[in-house]
Amino acid sequence: MELFSFYNVENLFLPDPKPVHKLDPTKSGLRSWDEKRYKNKLFKISHVFQLMKEENGVLPFMIGLSEVSGRKVLEDLVEMDPFHSEYGIVHYNSMDERKVDVAMLYDKNKVEVIDSETITFFFEISNKNTGNYDTTRDVLFSKIKYKGEIINVFIAHLPSKREKDINKPKRAFILNEIRQRILKIVDDDKEHVILCGDFNENPDDENLVKILYDNDHEKVLMNPFQELFSARNYSTFHYKSGLLYDQIIMSRSLLDNKTLAFQEACIFNSEKISSRTRNFEGRPFRTYAGTRYLGGYSDHFPVFVRFSDLS
């Protein structure tokens with residue numbers, strides 16, 4: 001059995017240098033983000049994967065991450081239990097205004113990275129003749145080899161829903177670009193695809209339904225998180241709304257593949273990483289609520305898919 005996981009880790013930044021003046025803005029944008037809180041955060045994130053291993057018997061052989069700032073935080077993370085420096089890192093700095101990126105960790109004993117690159121998007125700022133562009137987080141693309149099979153992995157963290165969802169056209173544009181690339185890989189190269197991320201949309205939203213089909217309306221991808229969402233399973237929450245923005249979508253070739261065959265999709269919502277407060281029972285135990293430090297894991301639960309290895 002193998003696991004593939006995705007986790008939005010909520011603002012994994014290096015500790016902020018001490019401000020010269022008390023009210024100076026911090027690099028991270030977080031309040032009092034010091035060495036102690038950073039170390040606690042690293043321990044919490046690594047502990048999530050330790051718990052996942054205890055429940056499933058294995059660590060994920062690949063992990064997509066979002067809201068990480070820079071490579072150093074990833075290097076610090078993979079040195080810890082349960083990774084023991086056995087995991088490689090694929091990461092590029094993006095031009096995101098908050099300096100948060102997506103990344104991939106992979107078991108170096110099982111996975112060979114053949115190629116990787118970022119897919120960068122620039123958007124014109126409307127009604128402003130400034131010559132400036134609005135940038136967002138890159139999509140990370142990696143071509144990997146697992147037991148002789150090629151898998152193309154896309155990791156995304158799409159623009160958020162805010163200000164009456166002004167970013168919806170941007171998400172549609174990015175997903176359409178990824179869709180064109182996936183269709184080429186599936187049709188021309190006949191290779192496997194995994195697309196994971198925090199899409200800032202639920203599985204039944206139009207953009208995420210459209211990406212599953214080719215131009216002839218044939219289904220080329222499957223999203224097992226549709227079923228979880230229909231059954232009211234959520235990975236994150238906004239006020240009273242449960243959301244399943246975190247998803248792992250894959251090519252149909254992984255349904256009955258001998259090397260990796262899809263079994264099931266799961267939200268890892270263990271009680272140990274859930275809120276301790278009665279009002280927020282069943283929700284992720286987050287690091288911050290606004291500016292208030294809670295000391296938790298993340299405001300998202302990780303998600304994963306389980307594969308049987310028939311080889």
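- Classification of the Phe49-Tyr7 ring pair by plane angle, with boundaries at 30° and 60°, yields perpendicular.
- Under the rule for a ring pair (Phe, Tyr, Trp, His ring centres under 6.0 Å), the partners of Tyr87 that lie at least two apart in sequence or sit in another chain are Phe83.
- Between Glu149 and Lys190 there is no salt bridge, since no side-chain nitrogen of the basic residue lies less than 4.0 Å from a carboxylate oxygen of the acidic one.
- Remark: Arg171 fails to qualify as a cation-pi partner of Phe199 under the 6.0 Å distance and 45° angle criteria applied to the six-membered ring.
- Between Phe154 and Phe141, the angle of the ring planes lies from 30° to 60°, which puts this pair in the tilted group.
- Taking the side-chain contact (heavy atoms from CB on, under 4.5 Å) definition, one finds that Glu79 meets it with Ser85, sequence neighbours left out.
- Aromatic pair Phe268/Phe301: ring centres not closer than 6.0 Å.
- Remark: Asp204 pairs with no residue by the side chain to side chain donor-acceptor pair (under 3.5 Å) rule, at least two apart or across chains.
- Listed for the Lys110 side chain is no donor-acceptor partner under 3.5 Å among the backbone atoms of Lys147.
- Residue Ile166 shares its hydrophobic cluster (ILVMFWY side chains chained together at separations under 4.5 Å) with no other residue.
- With sequence neighbours left out, His238 forms a side chain to side chain donor-acceptor pair (under 3.5 Å) with no residue at all.
- Pairs of residues two or more places apart, or lying in two chains, that qualify as side-chain hydrogen bond (donor to acceptor under 3.5 Å, both in side chains) and include a residue from residues 263-283 are Glu264-Arg306.
- For Ser5, there are no side chain to side chain donor-acceptor pair (under 3.5 Å) partners two or more places apart in sequence or in a different chain.
- Grouping Ile, Leu, Val, Met, Phe, Trp and Tyr residues whose side-chain heavy atoms lie under 4.5 Å apart, directly or via other members, places Ile114 in a hydrophobic cluster with Ile150.
- For Ser116, the side chain to side chain donor-acceptor pair (under 3.5 Å) partners at least two apart in sequence or on another chain are Tyr92.
- For the side-chain hydrogen bond (donor to acceptor under 3.5 Å, both in side chains) condition, the pairs that include at least one residue of residues 207-229, sequence neighbours left out, are Arg179-Asn215, Glu201-Asn207, Asn223-Gln247.
- With sequence neighbours excluded, the residues that form a side-chain contact (heavy atoms from CB on, under 4.5 Å) with Lys39 are Glu35.
- Donor-acceptor pairing under 3.5 Å is lacking for the side chains of Arg71 and His91.
- For residues 290-303, the set of pairs meeting the salt bridge (charged side-chain N to carboxylate O under 4.0 Å, His left out) definition, not counting sequence neighbours, comprises Arg286-Asp299.
- Checking side-chain atoms of Ser142 against main-chain N and O of Val153 turns up no donor-acceptor pair under 3.5 Å.
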